[in-house]
Amino acid sequence: MIKINSLTKNYTTYIKEPGLKGSFKSLFIRRKKVKEALKSVSLEISQGEIVGLIGANGAGKTTLIKILAGIVFPSSGEVSVMGFNPWERNNQYRRCMSLIMGQKAQVWWDLPALDTFLLLKEIYEIDEKLYKENLEFLSETLMVKDQLKTQVRKLSLGERMKIELMASLLHRPKVIFLDEPTIGLDISAQKAVREFIKSYQSEFKPITILTSHYMEDIKELCPRIVIMKEGGFVYDGPLSNIQKMMGDEKCLTVTTKDSTFKLTIPRLELAAKTSEIFQNHDVIDLNIHDPSIENIIESIMKYGLHST
Amino acid sequence: MKWWAFIIASEMRKILAFRFDFWVTFLGQSFIQIIISISLWKSIFESRESQEMMGYSLESIVLYYLIVPVGSKMLTGENIGFLSREIYDGSFNRYLLYPISFFQYKTLTYLTYSCFYGLQLIFIFLSYHILSGGIQSEQLINLLAGFIFFFMASVTYSQLALGIELISLWADNIWSLMVMTRFLCFFFGGAYIPVDFFPQFMKDILVFTPFPYLINLPIKVTMGSARMEDLFSGTVALLVWTILFHLGARLLWKKGQYHYSGVGI
């Protein structure tokens with residue numbers, strides 16, 4: 001189980017004025033800027049749950065994951081993952097946890113994947129039988145059996161991501177942090193990774209936190225989502241509730257001679273607004289539909305939950 | 001196999017992964033060093049019309065400067081930036097995720113490179129003696145002792161380098177600091193000029209620093225010109241400095257880990 005209580009993280013950065021003058025000035029005077037990456041957030045996740053963490057760039061998703069993985073220290077607050085304090089970096093905790101970052105390679109580029117796996121087998125003290133079993137299961141499910149003896153740097157982006165996934169799951173972790181695992185992958189590779197995560201989740205029931213900018217990942221994998229905005233949580237609940245919450249609204253896509261525009265309006269104002277549009281514009285086509293999850297989440301990320 | 005043996009094996013695999021670079025480093029550099037060292041010092045001695053320079057004969061100074069480049073490489077192991085680069089680009093994350101000590105991991109990878117250059121040292125030493133008319137058993141014992149001393153010195157230097165590189169947890173770029181440290185170690189260690197050439201007052205001061213034990217002493221051991229008391233005092237000095245540098249690096253890590261943000265390229 002993961003328990004997060006009033007977790008805060010502040011980063012200190014330095015501001016440098018642009019240009020040569022600014023560069024010289026920064027040699028003597030530096031202006032500090034404190035950025036609140038996480039603002040007193042609290043959360044509970046049970047064993048076997050998979051939670052989607054979504055938010056715009058800089059919302060604090062990766063910071064939260066790094067704290068949970070024990071890479072960075074929080075400024076304040078409490079965290080317990082499977083009863084461990086992550087930043088104490090207890091070896092027992094590190095043996096049951098895994099972090100996969102789509103934008104950062106963790107396997108060694110100059111070695112074939114199998115060499116890395118053998119090293120990880122020793123580091124994680126994986127039993128020979130379990131190692132063989134996992135290697136077989138992972139390489140078959142991810143369809144990378146033929147790539148295991150090739151230097152990782154010579155593999156395609158999709159293949160490398162699959163190797164990263166394999167390397168992170170060899171020790172069969174009970175807690176998995178997936179930070180944008182499908183970033184930069186083509187549609188079929190994204191689908192394969194999603195399918196794999198789904199089958200791994202149903203087979204081994206780990207706690208999984210997934211961050212992604214692709215709504216397909218979230219829709220396919222996460223029954224529960226947490227939406228982050230500027231370091232805070234603006235929504236934590238079932239994905240299915242999102243559409244229900246916005247049930248009082250309708251989306252209009254209007255095509256005129258000159259342009260196409262979209263509107264989200266209250267259901268009760270639909271008739272009045274539609275006739276107003278027909279009066280004021282030369283309408284060619286008008287389409288009325290329920291707002292999509294993507295639109296709702298985008299709106300929540302921009303304006304928060306109450307002002308959508 | 002234990003995890004530490006696997007780390008050494010993996011690092012060796014990385015070194016061997018690029019065969020062109022491997023052969024250029026191993027054979028190309030070795031022969032270039034032999035040729036340059038012999039021709040340079042031969043011409044210096046001929047121009048001076050002298051058989052000896054500060055107690056060094058032509059053969060011994062050639063051998064000294066033959067050992068210096070590869071001995072220095074053995075000392076500096078994985079070389080400058082082996083840790084600060086990873087802190088800078090965020091790939092340091094992996095060591096925080098693995099259930100092992102990153103100090104042990106990085107020291108092991110560092111020493112694997114030292115051992116690789118140690119093989120090159122053996123190769124150059126043997127090639128030089130074979131080319132100059134054969135090798136004696138006493139020289140082989142000196143070579144073994146020299147290898148051990150260079151290895152001990154590289155353990156000391158690895159802890160110093162670890163500490164210096166950990167400063168990058170506060171300052172993003174510490175390249176100049178690392179270059180400066182290496183220059184000081186090389187200069188006062190006798191890589192550019194043998195410590196025997198330094199004025200006496202300087203030699204008296206250097207005894208209390210780690211520098212002469214890092215390069216000068218291992219070279220003298222390899223050449224068979226070190227005295228028994230030098231071996232003893234050198235071993236004690238290297239041990240003491242290793243402990244001090246290690247404790248310093250641990251302190252820096254203890255304080256600096258709060259500054260690590262795991263961001264990068």
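Protein chains get the first letters and strands the later ones, always in sequence-line order, with residue 1 at the start of each. Quick caveat: nothing in here was measured; it's all calculated off a predicted structure.
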At a 4.5 Å cut-off on heavy atoms, which part of [X] comes close to chain B: side chain, backbone, both, or neither?
X	result
A:Q92	neither
A:L120	side chain
A:L111	side chain

To the nearest 0.5 Å, how far apart are CE in A:M97 and CG in B:L97?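 It is 5.0 Å, given to the nearest 0.5 Å.
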Atom CZ of A:R95 and atom CD1 of B:I100: how far apart are they, to the nearest 0.5 Å?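 The CD1 atom of B:I100 is 9.5 Å from CZ of A:R95, to the nearest 0.5 Å.
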Any chance [atom1] of [X] has more than 12 other-residue heavy atoms, nucleotides or ligands included, within less than 6.0 Å?
X	atom1	value
A:K132	NZ	no
B:W4	CH2	no
A:K39	NZ	yes
A:E133	CD	yes
A:R153	CZ	yes

Just say parallel, tilted or perpendicular for the rings of A:F73 and B:Y258, cut-offs at 30° and 60°.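 Aromatic pair A:F73/B:Y258 classed tilted.
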Do you know the tightest heavy-atom contact between A:M101 and B:N93?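 Result for this residue pair: SD-ND2, 3.8 Å.
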Provide the closest heavy-atom pair for B:L96 versus A:R94 in the form atom of the first, atom of the second, distance.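 Scanning both residues completely, I find the closest heavy atoms to be O-NH1, 2.8 Å.
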Partner chain A: residue of B:S91, B:S101, B:S10, B:P99 with the largest heavy-atom pair count (under 4.5 Å):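 The residue among B:S91, B:S101, B:S10, B:P99 with the greatest pair count is B:P99.
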If you tally heavy-atom pairs under 4.5 Å against chain A, which of B:Y260, B:Y95, B:Y98 wins?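 Highest number of heavy-atom pairs under 4.5 Å: B:Y98.
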Closest-packed option against chain B by number of heavy-atom pairs under 4.5 Å, given A:T63, A:L118, A:T62, A:L99: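 The residue among A:T63, A:L118, A:T62, A:L99 with the greatest pair count is A:L118.
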Between A:I123, A:D110, A:V72, the one whose heavy-atom pairs under 4.5 Å with chain B are most numerous: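 It is A:I123.
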For a side chain to side chain contact (heavy atoms under 4.5 Å, CB included) check, start with the C-alpha distance between A:T12 and B:H259, then their side-chain angles and the critical distance, and finish with the verdict. CA-CA 9 Å; A:T12 304; B:H259 295 265; over 6 Å; no
Which atoms of B:F92 are under 4.5 Å from chain A, going by heavy atoms: the side chain, the backbone, both sets, or neither?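 Contact with chain A involves no heavy atom of B:F92 at all.
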